[in-house]
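We use all heavy atoms of the structure for the numbers below, so side chains are in, but hydrogens, waters and symmetry mates are not. Order of the sequence lines sets the chain letters (A, B, ...), proteins ahead of strands, with each chain counted from 1.
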Protein chains: 2
Amino acid sequence: MVQIPNTPTSADVARLAGVSRATVSYVLNNTDAVRISEPTRRRVHEAARELGYVPHAAARSLRAGRSRMVLMPAPALPVGPLYGAFLDEFQGALGRLDYTVVQYGSVGLQGDEAARAWAELRPVAVLVPGTGIGPRGVAVLKRSGARAVVTLGPERVEGAHALLMDHEAVGRCAAAHLYERGRRRIGVVVPEEPGLGVCSRPRLAGARRALRGTGASVVGVPLAYTERAAAELAADLPELDGVFAYNDEYAMLLMRALQDAGRRIPEDLAVIGADDLMLGRLLRPRLSSVRIELPSGRELAALVDRAVRDAGGEPEVHRVLGASVVRREST
Amino acid sequence: MVQIPNTPTSADVARLAGVSRATVSYVLNNTDAVRISEPTRRRVHEAARELGYVPHAAARSLRAGRSRMVLMPAPALPVGPLYGAFLDEFQGALGRLDYTVVQYGSVGLQGDEAARAWAELRPVAVLVPGTGIGPRGVAVLKRSGARAVVTLGPERVEGAHALLMDHEAVGRCAAAHLYERGRRRIGVVVPEEPGLGVCSRPRLAGARRALRGTGASVVGVPLAYTERAAAELAADLPELDGVFAYNDEYAMLLMRALQDAGRRIPEDLAVIGADDLMLGRLLRPRLSSVRIELPSGRELAALVDRAVRDAGGEPEVHRVLGASVVRREST
DNA sequence: TTGAAAGCGTTACCAA
DNA sequence: TTGGTAACGCTTTCAA
């Protein structure tokens, strides 16, 4: 039979060490406004260790009136390895600034309801990827004590700091490259998977804008991420001589289907992806790609910290997502 | 100038509605032990809405003595799309059981230190992927009120429920398949990337065990995830006629390098991956793969819920990770 | 150098 | 049907 012990509190530590709760707090938090004798310190540490005492974060921040929690709703869409690396860096950097990063799985919550759920945790800052929040949501969070709300997405939201993911630039970049390579009838793959629209629509728009007035045509090409859909698309593709395939995975899918249908790449049709994944280098022809640079996790952590310290300051707006073409053999 | 308003509390709501804090609590929580008149209910709801009141989760669970938070340390290693889908399902299912799933970014924390950091949040349950915790860590968590600790990894940990990821089975499965296809000198790729060892070592061990006593040989083949490393490996591969490449991505990398070095696949050398990614189907030859089935998120959520309700029960141990070969053209 | 006590936002018991 | 009050675990001011 397993005995379920009561969770030790600072009062238990105090009792065991033969001091008051205040003293325990002083010792364990290294409060420097107060001098505690060395023997007492030792007794307190000893008692805490013996009991396996772990402070209660909620009680602490309740008393303090503020937390060190940075909340990040987990993005709904499937994310690639780039995002994972960015996340690690961000968490590491914030950890060094003594914040606690927590990802909240908001599966099934919508809009303001989601914002309220986040607000219940009283985070000191919230970093929202994608389009998961509106002005009302931001207001809810701020009223609940969030000192900074930062969005990481395609457009800015009233009241929040914004890291603008400039997906249009990705499309512009790809289209301009295809144009330079002599292509004039250009297709832009638009994934049919839900949730990817926030990225894909601006990419298409960017491609359109880049070639406006040049006489080249740009058409959106819907594509689901299945072999079958790719084969069908390859079978009767509209008259095109260049394709920007949304990203490297869709590009690989499409390229395979095109090759199977007898199209030569890049002679008949140039194909370019995005994300510059390793896998693109392994294809034949090697896949050209738009290399995307996410903001540095360190910089973003610094922004959050700054925003927390200076709550009420003007929201900062940054344009992130550097885009540059890596040409290989497919264009 | 932005006015930073004080966060409204239930006391503010009570004041505005002209009732006591207790009444507010009753109304907003739909307490059924107590009957509140309809007009009062309306006044309270009205006041809460007007103030934008959001309850304080920490205060609530402090008072209640228990939280509904299920903590999941974010895995350190890069994870694939399978894991992402599993996570979503798990979160959704737990959400429906009224738990709050929170992923904790523990970058930079080690062993018991990490467990203490998690314990500070007083989660009601902790799901630890990989090998991030030992018996001491489990004890810390339980002493801090966690009613269930579940590990999702290669081996069980004293005191915790275990979902055993049977990576050996993956290796066994792959090796047996290669053997069946007539291969007798088999290589097993062991990624050099740190953190993947927990998966790759058991896979190699499983392959060894599967072919023990058959006369077939099994050798570990270290490989870093770069084109260069793959090319070097392909240039002087030991005498092999079959390779289990750890997963589909390494398989793709290796297969490309082998083809570039003039080896025919599968005639000279059979190659099999794992994870059954879409990309494997796009290669030529199409890549055979070990299909891995993670536990269902729903079942896992049910396990967690059961464990929470019956804390102190015997830890459950489940073997998860179904492994089955999907043969395509590369073997 | 240490202790007593107040109070953070909630909820649950008991009394009115 | 509603309100007063105590308590959850912690920090911090004030007093000794």
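- Under the side-chain hydrogen bond (donor to acceptor under 3.5 Å, both in side chains) criterion, A:N30 pairs with A:R41, not counting sequence neighbours.
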Determine, for nucleotides 8-16 of chain D in 5'-to-3' order, which nucleotides have protein heavy atoms under 4.0 Å from the base (write B), from only the sugar-phosphate (write S), or from neither (write -). BBBBBB---
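- At least one donor-acceptor pair under 3.5 Å links the side chain of B:R68 to the backbone N or O of B:L97.
- Rounded to 10°, the angle separating the first-five-pair axis and the last-five-pair axis of the helix from C:dT1-D:dA16 to C:dA16-D:dT1 equals 50°.
- Every residue two or more places apart in sequence or in another chain that forms a side chain to side chain contact (heavy atoms under 4.5 Å, CB included) with B:L16 is listed here: B:A47, B:E50, B:L51.
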Identify each donor-acceptor pair in which a side-chain atom of residues 57-64 of chain B lies under 3.5 Å from a protein atom, sequence neighbours left out, and give them as a table.
unit_1, atom_1, unit_2, atom_2, d
B:S61, OG, B:A57, O, 3.1
B:S61, OG, B:A58, O, 3.4

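- With sequence neighbours excluded, no residue forms a side-chain hydrogen bond (donor to acceptor under 3.5 Å, both in side chains) with B:T100.
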Please tabulate, one pair per line, all N/O donor-acceptor pairs under 3.5 Å involving side-chain atoms of residues 21-28 of chain B, not counting sequence neighbours.
unit_1, atom_1, unit_2, atom_2, d
B:T23, OG1, B:S20, OG, 3.1
B:S25, OG, B:N29, ND2, 3.3

Side-chain donor/acceptor pairs under 3.5 Å, residues 128-140 of chain B, sequence neighbours excluded:
unit_1, atom_1, unit_2, atom_2, d
B:R136, NE, B:D112, OD2, 3.3
B:R136, NH2, B:D112, OD2, 2.9

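- Every pair passing side-chain hydrogen bond (donor to acceptor under 3.5 Å, both in side chains) that includes a residue from residues 295-306 of chain A is listed here, sequence neighbours excluded: A:E89-A:R298, A:Y99-A:D305, A:D305-A:R309, A:R306-A:E316.
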Please tabulate, one pair per line, all N/O donor-acceptor pairs under 3.5 Å involving side-chain atoms of residues 114-126 of chain B, not counting sequence neighbours.
unit_1, atom_1, unit_2, atom_2, d
B:R122, NH1, A:V54, O, 3.3
B:R122, NH1, A:P55, O, 3.3
B:R122, NH1, B:A119, O, 2.9
B:R122, NH2, A:V54, O, 2.7

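- Partners of B:R96 under the side chain to side chain contact (heavy atoms under 4.5 Å, CB included) rule, at least two apart in sequence or in another chain, are B:A93.
- On the nucleic acid side, DNA chain C has its first and last nucleotide under 4.0 Å of a heavy atom of chain A at C:dT1 to C:dG9, going 5' to 3'.
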